[in-house]
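Taking it in order: structure first as structure tokens, then the write-up.
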Amino acid sequence: MWIKVCSRVKSRSSRWHRKRTDCFQTLLLLSTRGPTGRFLELWSYSKLLLKSLYFNSLSNSDTLLDCAFEPVYWIVDNVTRWFGVVFVTLVILLTTSVVVIIYLFVLPTILSAYPLHWVVWHLCCGHWLLVMVVFHYYKATTTSPGHPPKDKVHIPSVSICKKCITPKPARTHHCSICNTCVLKMDHHCPWLNNCVGHFNHRYFFSFCLYMTLGCIYCSISSRELFLEAYSAIESYYMTPPPMETLRETTAHKCIIFLWVLTSSVAVALGGLTLWHVILISRGETSVERHINRKETRRLREKGKVFRNPYHHGNMNNWKLLLGVEKRSHWFTRVLLPSSHLPNGDGIMWDWTFSRRDPMAI
């Protein structure tokens, strides 16, 4: 094999050597031609000589584009890594501000004006959502997504990571921001300053779900207060302006801030949560979604059908993600905070096919 490679390199170098020799011979013949033709041919042969210095038969437009954008990729990766701390701090500050506004301005109104059964409902539902949001966000940010063991050589792998130079098990991908391979990588979330992988995928989805429900709850609960505060804010521009205390004006502005923030987050995060609901139901991650689409088109051209090997049915996919093994787990592991580990180690995956549903037919 090395002899073939060396012969190829030698033949390639000799070929360019012959071209350079021909160029120099042609340059000597240019002296007998006119000045215009001499200049044009000199320019064309100069470009040929320049290309001979860096020509590579393996290079193409994609390689040149990657090389040109490599500084941009490096800046994005490093900026995202450092801005992750800023994003996590921003999430904590905004969530804390919402909780403080509810305790100072919304909850007193509920306790004084609502019937007893509505008071109990708001106290129980609001605090349950708050506990679930805080718990799952803390676990999603602090739990490692999982990485392939580097000390074990004999692990089942499908390829070798070109950057880590280590075996890559199935569903494992390299994160350029964390600069390491992640088991069942979904994506790198800057709002968590962490990758979403095998061991914290459930925490990430639960945080998105309960944060969306919490924002919807706050938006609906403060709707009447928002309308009153908005009307009061508009009356400030009347002549003469109404006599309002500092506490009242502060309350009006805080209620408007609360409603606008929770409504915006509910719409944006609700869309992201719905997207992950679709992915989980299909047994895919965000990375696998793009890979499977390309594979589907490739097999379609060959007259075959692609089947996702990790799709075990909609309900079974949810049970695998949430760690539900019996009916009581829907309450203890889904509706209550739970630190149970996911099924499997993220290296070995259960590939079960039936004759009626092969991966590619």
Side-chain angles (χ1 to χ4, degrees), residues 77 136 139-141 143-190 192-209 272-273 275-299 304-325 340-354 357-361:
D77 292 343
H136 287 103
K139 296 295 289 186
T141 54
T143 302
S144 173
H147 309 287
K150 297 183 178 181
D151 55 340
K152 296 181 180 180
V153 181
H154 303 288
I155 61 174
S157 59
V158 296
S159 62
I160 299 294
C161 180
K162 297 179 181 179
K163 296 184 178 180
C164 296
I165 317 298
T166 55
K168 285 174 57 177
R171 313 188 79 178
T172 299
H173 300 281
H174 185 87
C175 176
S176 59
I177 299 175
C178 298
N179 197 25
T180 185
C181 289
V182 178
L183 298 176
K184 203 192 84 169
M185 178 179 176
D186 189 274
H187 69 287
H188 183 91
C189 182
L192 300 178
N193 196 27
N194 196 8
C195 270
V196 177
H198 177 65
F199 290 102
N200 65 345
H201 193 183
R202 177 177 67 90
Y203 296 132
F204 166 77
F205 175 78
S206 298
F207 163 73
C208 292
L209 176 63
L272 178 63
T273 305
W275 169 246
H276 280 278
V277 167
I278 297 174
L279 292 178
I280 295 171
S281 300
R282 295 175 176 175
E284 296 177 328
T285 63
S286 299
V287 177
E288 292 171 351
R289 172 63 175 169
H290 300 286
I291 297 175
N292 292 347
R293 290 180 65 183
K294 294 181 180 179
E295 191 68 11
T296 301
R297 290 194 296 265
R298 186 182 69 84
L299 291 177
K304 298 181 180 181
V305 179
F306 173 77
R307 303 294 184 188
N308 182 13
Y310 310 108
H311 179 47
H312 303 280
N314 295 338
M315 185 55 66
N316 289 331
N317 291 335
W318 283 101
K319 288 181 179 180
L320 289 174
L321 175 74
L322 301 176
V324 175
E325 300 174 356
H340 66 277
L341 296 176
N343 294 323
D345 55 1
I347 299 176
M348 297 289 296
W349 297 96
D350 183 18
W351 292 352
T352 56
F353 305 111
S354 62
D357 188 26
M359 181 174 64
I361 57 177

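Since this is a predicted model, take the numbers as computed values, not measurements. Every heavy atom of this structure was used, including side-chain atoms; hydrogens, water molecules and symmetry mates were not.
The shortest non-hydrogen separation linking P148 to P167 is CB-O, 4.1 Å. In plain terms, the two heavy atoms of V182 and P145 that are nearest each other are CG1-CB, 3.6 Å. Of all the heavy atoms in H340 and G323, the pair that sits closest is NE2-CA, 3.8 Å. Taking every heavy atom of both residues into account, N194 and T141 meet most closely at ND2-O, 3.6 Å. Considering every non-hydrogen atom in both G146 and F199, the closest pair reads CA-CD1, 3.5 Å. Nearest heavy atoms, C181 versus H174: SG-ND1, 3.8 Å.
Side-chain contact of E284 with N292: a donor-acceptor pair under 3.5 Å is present, judged by distance alone.
More than 12 heavy atoms of other residues, nucleotides or ligands sit less than 6.0 Å from atom CZ of R298.
Here the NE2-SG distance, from H147 to C164, works out to 10.0 Å after rounding to the nearest 0.5 Å. Summarising the geometry, atom CG belonging to L192 is positioned 7.5 Å from atom SG belonging to C208; distances are rounded to the nearest 0.5 Å. To the nearest 0.5 angstrom, H201 atom NE2 is 9.5 Å from S206 atom OG. Going from atom CG of L341 over to atom CZ of R202 covers 8.5 Å, rounded to the nearest 0.5 Å. For the atom pair CG (L322) and CD1 (I280), the distance works out to 7.5 Å, reported to the nearest 0.5 Å.
Remark: the backbone N or O of E288 is not paired with any side-chain donor or acceptor of R171 at under 3.5 angstrom. When atom types are taken as modelled, the side chain of N200 and the backbone of K139 share no donor-acceptor pair closer than 3.5 angstrom. Here the side chain of T172 pairs no donor or acceptor atom with the backbone of K168 at under 3.5 angstrom. With N308 contributing its side chain and G283 its backbone, the two residues share a donor-acceptor pair below 3.5 Å. Checked by atom type and distance alone, the side chain of N317 never pairs as donor or acceptor with a backbone atom of H311 at under 3.5 Å.
By the 4.5 Å heavy-atom criterion applied to side chains, I347 and P149 are counted as neighbours. Contact of the L321 side chain with the H276 side chain is not registered, since no non-hydrogen atoms from C-beta on lie closer than 4.5 Å. S176 has its side chain within reach of K163: a pair of non-hydrogen atoms, C-beta onward, lies under 4.5 Å apart.
A ring-centre distance under 6.0 Å is found for H198 and W349.
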